[in-house]
Amino acid sequence: MNQDSAITEIRGIGEKTKNLFAKMGVYTVGDILLHFPRTYIRYPKLQAIDDITALTEEPHAIAARVTQAPVVKSGRRMQVTLLTIGSPGHRIQLVWYRMPYIKNSLKHGQYYVFYGKTTAREGKYIMEQPVIYEPENYEQMAEQLYPVYALTSGITNNLVTKTIRQALDAGALVTDFLPAGIRKDFGLCEYNYAMKQIHFPDSMDTLVTARKRLVFDEFFLFIMGMQYQKKQQKRKANPFTFQDEDFIRQQTDKLPYKLTDAQQRALSDVTENLHGKYVMQRLIQGDVGSGKTIIAFLAMAWCAHNGYQSAIMAPTEVLARQHFESYQKLCADFGLDVPVVLLTGSMTAREKRLACEKLAVFPSAMIIGTHALIQEHVHYLNLALVITDEQHRFGVKQRDFFAEKGKDPHILVMSATPIPRTLAIILYGDLDISVIDEVPAKRLPNKNCVVNTGYRPRAYEFIEKQVKSGHQAYIICPLVEASENFEGENVTDYAKQLEKELSPDIKIGILHGKMKNTQKNLVMEQFAGNEIQVLVSTTVVEVGVNVPNATVMMIENADRFGLAQLHQLRGRVGRGDTQSYCIMVNTSSAKTAQKRLEILNHSNDGFQIASEDLKLRGPGDFFGIRQSGDMPFALADIYQDADILKDASAAVKTVLREDPELSMEEHQILHKKMEKFMDDELEKMSL
C-alpha cells in the first residue's frame with residue numbers, strides 16, 4: 001500500500017464507504033492522510049464533585065458513585081433519564097434525552113466517570129448528555145489529544161480515525177521532499193513524523209512541532225510554484241498601443257462622486273502600466289467597499305476605446321451577473337457604445353454559443369464571466385486585459401491559463417483580503433501592488449457591537465424592525481448542520497428556530513457550501529432581489545454577492561472566527577448609503593476572545609485589524625474554525641503563521657539561488673513534488 005493506492009485497499013472500506021469518502025474529496029490513501037483534524041479533544045483530569053467551584057466552557061470529568069437508581073420520565077415529545085450524584089450541598093443532576101436504557105446500564109454502588117459540560121440552572125448544577133466511562137478506561141484517556149475531523153453524512157469521526165490509523169500502520173509513508181539542510185536551518189521535523197503527530201499527537205508540543213512542519217510545506221510549495229511560474233515567464237514587452245489618456249479623465253468627470261486619492265493612485269498605476277514598456281502584472285489590494293470595481297471598469301473602458309477586448313472573471317455566477325448589469329448601466333450613463341458580454345457556466349448551450357459568437361465579432365467587447373471564460377472552446381479576438389476578481393479564489397495557475405487566452409494580455413488582480421503589505425509581497429511576489437486604503441466618503445461606517453447570547457431576542461427584534469423598513473439581513477452560523485464533535489450554531493436548525501422568532505411574512509432563506517451551485521445561485525439571486533429578507537448562511541457569502549439593501553450582519557459564534565474573516569463578512573453590509581450594523585455574538589467566556597472581538601468592534605479598517613490579529617495570535621492558537629479560509633491552504637493561516645510564511649519564502653529563495661532548475665541530486669524528490677503540485681493546480685482549475 002502506498003499514497004496513490006485506492007482508499008478501498010484499506011481494510012473495511014467497501015463500495016458504499018468509498019462513495020461517501022468521495023464526497024469529502026478522499027479517493028486515495030494519500031487523500032485520507034491529508035484530511036487533517038479540524039480540532040482536538042483533550043479529556044480533562046478526573047475531578048470530585050466537591051472540587052467544582054466554578055463553571056467553565058470546558059467539559060468536566062466527574063468521578064462519582066451511583067447511590068440511587070436513575071429515574072425515567074416520559075413526556076409528550078421524549079423520555080428523559082435523570083440521576084443525581086454527589087453529597088448534600090454538592091449535587092449535580094445528570095440528564096439524558098431519549099436514552100432510557102441508561103437506567104439499566106448503571107449499577108448501584110459502582111463508581112463511574114461522567115464526562116460533559118456542567119451548567120447552572122435554577123440554583124443547581126446540571127450536566128446534560130454526559131458520556132459514561134469506567135474509571136480505569138478514562139484514566140488511560142485523560143490528558144491525551146484526540147482528533148476531530150470534518151465529516152459528511154454517513155461518515156463518523158471514529159471511522160475516519162480508524163482509517164487513518166490503518167493507513168499509517170500499513171506504512172503508507174513517503175520520502176521527505178525537503179532537503180535535510182532546509183529542515184535543519186528552520187527547525188523542522190521529518191515529514192512522516194509530522195504526519196503521524198498531526199493526526200495522533202503524543203502531546204501538545206509534538207502537535208505544534210508537526211503542524212509547523214506541515215504549514216511550512218504548504219507555504220513552501222505555494223511560493224515555490226509561484227516563483228517557478230514567474231521564472232518561466234520573464235517580463236514581456238507590451239504588444240498593445242494605448243492612446244488618448246484624456247479619455248480616462250473624461251470618464252471620471254462623469255462619475256456622480258469623486259474618486260478617493262487612493263483610487264486615483266491605483267488608477268494611475270494601471271494606466272501607466274497599460275501604455276508602459278512591459279505587460280502589466282498588478283494586484284489592487286483594497287478593503288471591502290474601497291471602490292476597486294470602478295477602477296476595473298475604467299481600465300476596461302479604456303481598452304474598448306482603443307479597440308481592444310477585456311475580460312473580468314468573478315468567483316461566483318451571481319457576482320458575475322451583478323457586474324454585467326452594473327457595467328451595462330455604467331456604459332449607458334457614460335454614453336459608451338461598447339458591447340458587454342456575459343458568459344457563465346449555468347447558461348444554456350445556445351446562450352453560450354451566442355456569447356462566443358459576440359467575442360468573435362466585437363473587437364472592443366467588455367467580457368464578464370466566471371470560470372467559463374477559460375474553457376477550451378472560448379476564443380477571444382484581441383484580448384488586451386484580463387482581470388480576476390478575488391484572485392485567491394482561482395490560484396496562480398488559473399490566472400496564467402486565463403492570460404494564455406490572449407496574446408500576452410495585461411493582468412490585473414483584485415483582492416479584498418486585508419493582508420499586511422509584508423505578507424502580500426510574499427504571497428503575490430510575481431505582481432506589482434497597489435493599495436486602496438481609503439473608503440469613499442459617501443459610505444457610512446458600520447456600527448458594531450459585541451454581545452452575548454442573552455442579546456439574541458433584542459437582535460431579532462432589531463432585524464425585524466430593519467426588514468419592516470424595507471431592508472435585509474444576514475445571519476452567519478459556523479456549521480451547516482448539528483455536529484457531534486463541534487459546538488456552535490448551525491444553519492439548518494437556526495433557520496427553523498428563526499421562523500418561530502420572526503413574523504411569518506418575513507421570508508427566511510438558507511445558504512451553505514454543501515448545496516449545489518444551481519441552488520446557491522438561486523438563493524443568492526432571490527436575496528439580491530429581496531425575495532428573501534433574512535439569509536441564514538455559512539461563510540460561503542464572504543465573497544460572491546453584492547446586496548446594498550442589506551443593513552444587518554449578525555454573526556453567531558463570532559469568537560470562533562479570525563478577525564480578518566469577520567471583517568470580510570461584515571463587509572457584506574454597508575454597501576449602500578444607509579446606516580448598517582454588525583452584531584457579533586460572543587459565546588466564549590475567555591477574556592482573549594472578548595479582547596480580539598473588541599478590536600473589530602472599534603475599527604472598520606481591515607488593514608489595522610489584520611495587523612492587530614497578528615499580534616494577538618499565539619503559536620498554539622489553532623483550534624476551531626480556520627481563520628483565513630479564502631487562501632488555498634489546508635492547515636496554514638497567513639495571519640497566525642506569518643513567521644512560518646516568511647521562513648518558507650526565505651527557504652525558497654535559498655533553494656532557487658543554489659539550483660534554479662532543481663536539477664541537483666538532493667533536489668530530485670523536490671522537483672517531482674513540484675511537478676505534482678503544479679499538476680494538482682491544473683486539476684483543481686479543471687474542476
Side-chain angles (χ1 to χ4, degrees), residues 240 242 244-260 262-275 280 282-316 318-344 358 362-370 373 380 383-391 402 409-416 434 436 438-440 442-443 543-546 548 575-576:
F240 307 102
F242 280 81
D244 191 11
E245 286 183 64
D246 202 43
F247 171 83
I248 295 288
R249 184 192 59 76
Q250 292 170 1
Q251 304 315 309
T252 54
D253 287 346
K254 295 176 185 177
L255 289 169
Y257 53 86
K258 189 176 183 295
L259 294 180
T260 64
Q263 284 176 304
Q264 289 282 10
R265 288 193 298 271
L267 184 58
S268 295
D269 289 340
V270 171
T271 54
E272 284 178 19
N273 286 159
L274 288 176
H275 68 75
M280 175 172 66
R282 180 167 293 280
L283 165 72
I284 293 184
Q285 191 185 10
D287 206 348
V288 176
S290 60
K292 298 181 297 296
T293 304
I294 191 62
I295 306 300
F297 172 80
L298 291 168
M300 293 174 74
W302 199 28
C303 285
H305 183 67
N306 281 277
Y308 300 122
Q309 288 181 339
S310 57
I312 181 169
M313 184 160 63
T316 68
V318 174
L319 193 57
R321 290 184 183 277
Q322 289 185 323
H323 279 330
F324 175 67
E325 292 166 5
S326 173
Y327 275 41
Q328 284 186 314
K329 184 177 185 304
L330 284 168
C331 284
D333 292 346
F334 286 18
L336 301 176
D337 185 18
V338 177
V340 182
V341 181
L342 178 67
L343 183 58
T344 68
K358 290 177 183 177
F362 293 124
S364 61
M366 290 184 185
I367 305 137
I368 297 163
T370 55
L373 295 178
Y380 299 89
L383 190 62
L385 171 65
V386 297
I387 303 174
T388 55
D389 188 0
E390 300 293 344
Q391 183 270 356
F402 191 13
H410 295 282
I411 294 174
L412 183 62
V413 173
M414 299 196 300
S415 173
S434 297
I436 302 180
E438 297 174 70
V439 177
K442 69 184 181 79
R443 288 272 171 89
V543 172
V545 63
N546 181 32
R575 305 177 80 85

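Here the structure is a predicted model, which is why all the values come from computation and not from measurement.
Between Gln251 and Phe334, the shortest heavy-atom distance links the atoms OE1-CD2, 3.3 Å. For the pair Ala296 and Ile387, the tightest heavy-atom approach, listed with the atom from each and the gap, is CB-CD1, 3.8 Å. The two residues Leu274 and Phe242 make their nearest non-hydrogen contact at O-CD1, 3.2 Å. Contact between Pro409 and Leu383 at its shortest, heavy atoms only, is CB-O, 3.4 Å.
Here the straight-line distance linking atom CZ of Arg321 with atom CD1 of Ile368 works out to 11.5 Å at 0.5 Å rounding. To the nearest 0.5 angstrom, Ile367 atom CD1 is 11.0 Å from Leu342 atom CG. Here the straight-line distance linking atom CG of Leu385 with atom CE of Met366 works out to 10.0 Å at 0.5 Å rounding. Here the straight-line distance linking atom NZ of Lys258 with atom CG of Leu255 works out to 11.5 Å at 0.5 Å rounding. Taken to the nearest 0.5 Å, the CD1 atom of Ile294 stands 4.5 Å off from the CG atom of Leu298. A distance of 4.5 Å separates CG of Leu259 from CD of Gln264, quoted to the nearest 0.5 Å.
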Donor-acceptor list for residues 299-309 side chains, cut-off 3.5 Å, not counting sequence neighbours:
from	atom 1	to	atom 2	distance (Å)
Trp302	NE1	Gln243	O	3.0
Trp302	NE1	Asp244	O	3.3
His305	NE2	Asp244	OD2	2.9
Asn306	OD1	Gln243	N	2.7
Asn306	ND2	Gln243	O	3.4
Asn306	ND2	Trp302	O	2.9
Tyr308	OH	Thr241	N	3.0
Tyr308	OH	Thr241	O	3.3
Gln309	OE1	Leu381	N	2.9
Gln309	NE2	Leu359	O	2.8
Gln309	NE2	Phe362	O	2.7

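Considering Ile248, Asp246, Asp253 in turn, Asp246 is the only one that fulfils the side-chain contact (heavy atoms from CB on, under 4.5 Å) rule with Gln250. Tested against Ser434 for a side chain to side chain donor-acceptor pair (under 3.5 Å), the candidates Gln263, Lys292, Arg282 yield a single pass: Arg282.
Within the structure, the side chain to side chain donor-acceptor pair (under 3.5 Å) test picks out the following pairs touching residues 327-339 (sequence neighbours left out): Lys329-Asp333.
Although no hydrogens or angles enter the test, the distance criterion places no donor-acceptor pair under 3.5 Å between the side chain of Glu438 and the main chain of Thr260. A donor-acceptor pair under 3.5 Å is formed between the side chain of Thr271 and the backbone N or O of Leu267.
Using a 4.5 Å heavy-atom cutoff, the side chains of Ile436 and Ile295 are in contact. Within the 4.5 Å cutoff, side-chain heavy atoms of Phe324 are placed close to those of Val340. Looking at Ser415 and Leu283, their side chains come closer than 4.5 Å, going by heavy atoms from C-beta outward.
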